[in-house]
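We number each residue from 1, following the sequence as shown.
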Amino acid sequence: MKPLFYLSLLALSSLASANSHLPNHRHIAITGYGESTVKPDIAILHLSVEHTDKKSAEAKAEVDKRFNALLKGLKKFDIKENDIVASRIATSPRYEYSQQQRKQLHVGYSANRTIEVTVNDLSILSDVMDLALSAEVNQIQNLEMTSSKEKELQQQAVERAIENAKTNGAALANSFGAALGKVYSINAQNHEQIRHYGKMEYSGRMQMISSETGNIVSPGTYLQDDLTFKATINVVFDLKGKN
């Protein structure tokens, strides 16, 4: 009987621990949800510059050349230095597999550098991307959209979650012939920002010749997706009788 007795005590102890945050008197536990949505007004471009050459110094020099061309062009758009973050140049040996010799062969050295550019005026975003490509930036790795009002919007989502918890709690209590009393505990479960990333479409401001078809096409322009800020809050209210 002792093992069964110990198991019973353990189960009761676990149950008590799981509910230790709840009061012993009448109460109601509610989860409130809130969100706020806004159009983004800031774009963060994640760029990559890479070059392979026979000598590491030559590979680095080419990456430096492209990076400096990009910086020079960004100044024309009034993008400040504190809106540009660049990693140090990394160089490494480059190998390619030879099917004929069935082994890796050293073919030169690769130099690469990642760059992050914050664009605070979305009307110039497409032009900045065109500049990056004209400066021979190898890749636009990511286009991240955000808002200059992030803190205010997150706080707004929290306030809406609080009101949601109050409204739902009052409605449930009323349906059972009770009313909400004092707040026993509050737990802000999580805050979440859903970031949307760049979608590109063609819109006709400038004309270019497609290298594949030879047809005239227009450069890409960003379609602004909404940003959604979400908040979740758990609240435990005391219950009291209706007056």
Side-chain angles (χ1 to χ4, degrees), residues 1-46 82-83 85 116-123 125 141-199 201 222-243:
M1 293 295 294
K2 286 186 177 180
L4 181 60
F5 176 72
Y6 290 142
L7 286 174
S8 299
L9 285 179
L10 181 60
L12 288 172
S13 176
S14 299
L15 183 62
S17 176
N19 293 283
S20 61
H21 63 288
L22 296 176
N24 293 324
H25 52 267
R26 293 199 310 168
H27 65 274
I28 182 172
I30 292 292
T31 298
Y33 301 96
E35 64 179 55
S36 55
T37 303
V38 70
K39 290 288 184 184
D41 59 2
I42 295 175
I44 304 174
L45 285 169
H46 299 266
N82 58 1
D83 288 325
V85 179
E116 185 179 296
V117 180
T118 300
V119 181
N120 295 296
D121 180 3
L122 294 188
S123 68
L125 176 58
Q141 295 178 322
N142 198 17
L143 174 56
E144 179 184 352
M145 308 305 294
T146 187
S147 173
S148 59
K149 300 178 180 179
E150 181 174 339
K151 291 183 179 179
E152 294 94 324
L153 292 166
Q154 187 61 74
Q155 181 59 36
Q156 186 181 81
V158 171
E159 291 172 358
R160 288 177 177 176
I162 293 171
E163 288 303 315
N164 180 250
K166 289 180 179 179
T167 301
N168 290 343
L172 281 171
N174 182 67
S175 65
F176 286 96
L180 292 183
K182 295 181 179 180
V183 174
Y184 177 80
S185 67
I186 303 173
N187 177 28
Q189 188 173 346
N190 62 62
H191 302 298
E192 178 184 8
Q193 178 183 350
I194 301 177
R195 297 175 182 263
H196 300 274
Y197 296 94
K199 294 180 179 178
E201 70 168 7
Y222 177 72
L223 289 175
Q224 297 183 25
D225 286 337
D226 289 339
L227 294 174
T228 303
F229 297 81
K230 293 188 175 184
T232 303
I233 186 167
N234 297 317
V235 188
V236 178
F237 294 98
D238 293 338
L239 284 178
K240 61 181 181 181
K242 287 185 176 181
N243 294 329

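Here the shortest heavy-atom pairing between I30 and G169 reads CG1-CA, 3.7 Å. E35 approaches K230 most closely through the heavy-atom pair OE1-CE, 3.4 Å. In terms of heavy-atom proximity, S36 sits nearest to Q156 at CB-OE1, 3.0 Å. Of all heavy-atom pairs spanning L122 and M145, the tightest one is CD2-CE, 3.7 Å. For the residue pair Y33 and N164, the shortest heavy atom distance occurs at N-OD1, 2.9 Å.
Between K39 and D226 there is a salt bridge, with a side-chain nitrogen of the basic residue lying less than 4.0 Å from a carboxylate oxygen of the acidic one.
With rounding to the nearest 0.5 angstrom, the CG atom of L227 is 8.5 Å from the CG atom of L153. To the nearest 0.5 Å, atoms CD1 (I162) and OG1 (T167) are separated by 11.5 Å. We find the CZ-NZ distance between F229 and K149 to be 11.0 Å, quoted to the nearest 0.5 Å. Rounding to the nearest 0.5 angstrom, the gap separating the CD atom in Q154 from the CD atom in E159 is 11.0 Å.
For the side chain to side chain donor-acceptor pair (under 3.5 Å) test, residues two or more places apart in sequence or in another chain that qualify with N234 are T31, Q189. Listed by chain and residue number, E116 satisfy the side chain to side chain contact (heavy atoms under 4.5 Å, CB included) test with V85 (two or more places apart in sequence, or in another chain). Under the rule for a side chain to side chain donor-acceptor pair (under 3.5 Å), the partners of H46 that lie at least two apart in sequence or sit in another chain are E144. For S148, the side chain to side chain contact (heavy atoms under 4.5 Å, CB included) partners at least two apart in sequence or on another chain are D41, I42. Residues satisfying the side chain to side chain contact (heavy atoms under 4.5 Å, CB included) criterion with D121, sequence neighbours excluded, are S123, I124.
Looking only at distances, no side-chain donor or acceptor of Q141 sits under 3.5 Å from a matching main-chain atom of L45.
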What pairs of donor and acceptor atoms, side-chain ones from residues 171-182 against any protein atom, are under 3.5 angstrom apart with sequence neighbours left out?
from : atom 1 : to   : atom 2 : distance (Å)
N174 : OD1    : K242 : NZ     : 2.4
S175 : OG     : L172 : O      : 2.6

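The salt bridge (Lys or Arg N to Asp or Glu O under 4.0 Å) contacts involving residues 163-178 comprise E163-K166, where partners must be two or more places apart or lie in separate chains.
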